[in-house]
Amino acid sequence: MTTSDYVDAGEAVDQGRLSGKVAGGEIAPPVTENLTYERILDARSEPENWLTYYGTYDGQRYSTLDQINTENVSRIGPAWIFQAGVSGIIAGTSTYSFEATPIVVDGVMFLSGWDGWVWALDGRTGKEIWRYKHAVPFDVSLCCGNVNRGVAVASGKVFFVTANAHVIALDAGTGKRVWDKTYGDVRAGESGTLAPIVVKNLVIVGSSGGEFGVRGHLDAFDVETGEHQWRSYMVPKPGEPGSESWPADGEAWARGGGNCWLTGTFDPETNLLYWGTGNPAPDFDGGVREGDNLYTDSIVAIDVDSGQIRWHYQCTPHDVWDYDSMSECILFERDGRKLLAHFDKNGYMFVLDRTNGERVSITPFVDRITWGAISRDGQVVPKIYPEEEGVEVHFYPGPAGAKEWTHAAYSPKTGWFYVPIQDVGATAARRRREFREGIPYWSAGVAVDIEEAVGYLSAFDADGNEKWRWRNELPMCASVLATAGDLVFAGEPSGEFNAYDARTGDLLWQFQCGSGHHSSPVTYAIDGRQYIAVPVGWGGWAEGFLPGMLGAGHGSALIVFALPEQTPSRGDH
Ligand SMILES: O=C(O)c1cc(C(=O)O)c2c(n1)C(=O)C(=O)c1cc(C(=O)O)[nH]c1-2
């Protein structure tokens, strides 16, 4: 059977809308036509919804809801559970993991799973309203796990990307496909894992595939028609600005990596998208790509209307440790200055002026950093790197990074960032790989430290001062949520979902979810009741990063918590 045999299979499973009659009553079809760009811009003013990937365009993952707070969080419990473990064409044998951020619009939750699944659920009860399945070819080249980080919703449509690099628009009311475009070459090893964002009339998506030696890019499509609007490559071709950072001869640039595999943030005043780019390819073998290798491992500011790069800041020039800078750029202000904060895989917190990319401060945020050092004035001095073929070198942080893709949160109330940290080293021995299209271009044998791995959740102020730290025996590798209830939520690889006091770091509540956390919790409210939702499910690349967790149960549940509803008193019976 070949890939093409599956091309139209999406139609066959595109019929999943439930009739609307389910036990417990009618579920009205979702109405999202009135979810405009203006509403998403002002998402902070409607905290009952979670309208875009980070909650708001600024990437803060902060909600002003405070019904659940430090006083009462100990009383929250499960309100409903949704099981996303639907078998698919490539599930079972694949490296799946449940990594989605749910989007909530006026009582309806939109959620994606691995293998091309998308669901609309009643946010009050978890009942399914419709489901959609994209038929992912079984032989798709997965760069880094069978994962999907969520959908975007706007103008009556739900947008998502697929493992075989399609971007698809569904009718939000019915789950029927409206348009479907291909934005990557799956045979070359390109794929899609991120949640799109909608800005103005554009759906913006980025490529995955860094371990296959592809050339990373960001693409914009028209929300209504799916027409392609612009593409911005993250590696310049010869003659373009930045091309001097690649070898003049040969095609290293054309297979140079720099993928955009995590959702960016957006500032309507600068009209810029702030996007982190992935590692250069091949990962550890710098010998075949002399130079700084722009714009890999960089924060790139992109004009949202044209796709043009306005400025960039490279966090790890000439990376040979696999330090993607894909992590979010959190937008915040201090003393009237428009800034962004970024916690990089390389162990440093970067604060930049987001109008021009000027460096404001650089501070280490993890205890052990041995690969090199970055001085306060931005000088990068590499110390340990896999230079010689077959010779093992050990460095901190390992290729999983001091912080993985899972997101930090920022509370404007405390002015602090809450960061999930992995203090894990690795040993790598370089081995040269010939480039072959569609074949992994991974140029080292890597062993992650098992014994020495620890983790913490830390709070930092904008100058990089650590305000508190909660230590864990395992690395923390799930996104954080901050709320105006002075709470911070974060999950552990061993399954505990935790609530902390945002000011002290005290652990206030814990619930064992039955599988590890490697996704992103959100909060929303319906009819005045606040909910906390967390997708739970260990797997994907997280397993490789934490060999100590190999064999741990692969869960696939979305668990939603709330305070108990008022229980009827005896007299009510
Ligand atoms: O360079 C890339 O294109 C790329 C893509 C992805 C991805 O799409 O998930 C990951 C990585 N790199 C990567 O380096 C990595 O550590 C990683 C972890 C995960 C995950 O889902 O847990 N994805 C990816």
Side-chain angles (χ1 to χ4, degrees), residues 94-101 112-114 140-150 161-165 183-186 188-196 205-218 234-235 255-263 275-284 293 295-298 316 319 321-327 344-346 397-407 420 422 424 426 428 440-444 446 448 475-479 491 493 516-520 535 537-546 549 554:
S94 74
T95 52
Y96 74 85
S97 165
F98 193 13
E99 295 188 354
T101 293
S112 66
W114 57 94
V140 66
S141 299
L142 291 172
C143 157
C144 312
N146 181 5
V147 299
N148 189 278
R149 300 200 182 80
V161 303
T162 69
N164 57 335
Y183 76 103
D185 181 354
V186 73
E190 289 191 302
S191 51
T193 61
L194 87 179
V205 296
S207 60
S208 295
E211 323 311 350
F212 282 86
V214 298
R215 184 178 173 218
H217 50 88
L218 207 60
M234 294 301 136
V235 178
R255 51 188 81 136
N259 283 275
C260 304
W261 54 277
L262 209 54
T263 311
W275 223 280
T277 64
N279 60 277
D283 309 66
F284 301 88
N293 307 140
Y295 301 101
T296 66
D297 289 357
S298 297
T316 315
D319 172 18
W321 305 269
D322 197 17
Y323 289 154
D324 307 62
S325 293
M326 73 296 163
S327 264
D344 201 87
K345 264 188 175 184
N346 71 15
K403 173 179 164 293
E404 239 278 271
W405 68 264
T406 45
H407 307 295
Q422 323 185 111
V424 188
Y441 199 28
W442 174 262
S443 59
V446 178
V448 177
M476 294 296 277
C477 50
S479 301
H517 292 261
H518 194 223
S519 76
S520 305
W538 195 244
W541 266 40
E543 272 196 331
F545 295 153
L546 294 184
M549 294 284 295
H554 276 215

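Every number for a ligand or one of its atoms is a count from 1 in the order of the listing. All residue numbers in this chain count up from 1 along the given sequence.
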So, taking the atom named [atom1] in [X] and the one named [atom2] in [Y], what distance separates them when rounded to the nearest 0.5 Å?
X: Glu404; Y: Leu262; atom1: CD; atom2: CG; answer: 9.0 Å
X: Asp324; Y: Asn279; atom1: CG; atom2: CG; answer: 4.0 Å
X: His517; Y: Met476; atom1: NE2; atom2: CE; answer: 9.0 Å
X: Thr101; Y: Asn148; atom1: OG1; atom2: CG; answer: 10.0 Å
X: Trp275; Y: Thr263; atom1: CH2; atom2: OG1; answer: 6.0 Å

Indicate, as side chain, backbone, both or neither, the part of [X] found under 4.0 angstrom from ligand 1 when only non-hydrogen atoms are considered.
X: Met326; answer: neither
X: Cys143; answer: side chain
X: Asn279; answer: side chain
X: Lys345; answer: side chain

Which of the atoms in ligand 1, numbered in the order shown and given with their element, are less than 4.0 Å from a heavy-atom of [X]?
X: Asp324; value: 1 (O), 12 (N), 14 (O)
X: Gly209; value: 2 (C), 3 (O)
X: His518; value: 20 (C), 22 (O)
X: Asn259; value: 3 (O)

> Do the side chain of Arg149 and the main chain of Trp261 share a donor and acceptor less than 3.5 angstrom apart?
Replying inline: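 Yes, Arg149 side chain to Trp261 backbone: donor-acceptor pair under 3.5 Å.
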
> Under the side-chain hydrogen bond (donor to acceptor under 3.5 Å, both in side chains) test, which residues partner Trp405, sequence neighbours left out?
Replying inline: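 His518.
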
> Does an N or O anywhere in Glu99 fall below 3.5 Å from an N or O of ligand 1?
Replying inline: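 For ligand 1, there is an N or O atom that lies under 3.5 Å from one belonging to Glu99.
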
>> With nothing but distance in play, are any N or O atoms of Thr193 less than 3.5 Å from an N or O of ligand 1?
In response: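 For ligand 1, there is an N or O atom that lies under 3.5 Å from one belonging to Thr193.
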
> Considering only heavy atoms, which of Gly258, Gly210, Ser208 lies nearest to atom 8 (O) of ligand 1?
Replying inline: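 Result: the heavy atom closest to atom 8 (O) of ligand 1 is in Ser208.
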
> Taking atom 11 (C) of ligand 1 as the point of reference, which of Trp114, Phe212, Trp261 owns the nearest heavy atom?
Replying inline: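 It is Trp261 whose heavy atom sits nearest to atom 11 (C) of ligand 1.
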
> Phe212 versus Ser191: any side-chain heavy-atom pair under 4.5 Å?
Replying inline: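 Counting from C-beta outward, Phe212 and Ser191 never come under 4.5 Å.
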
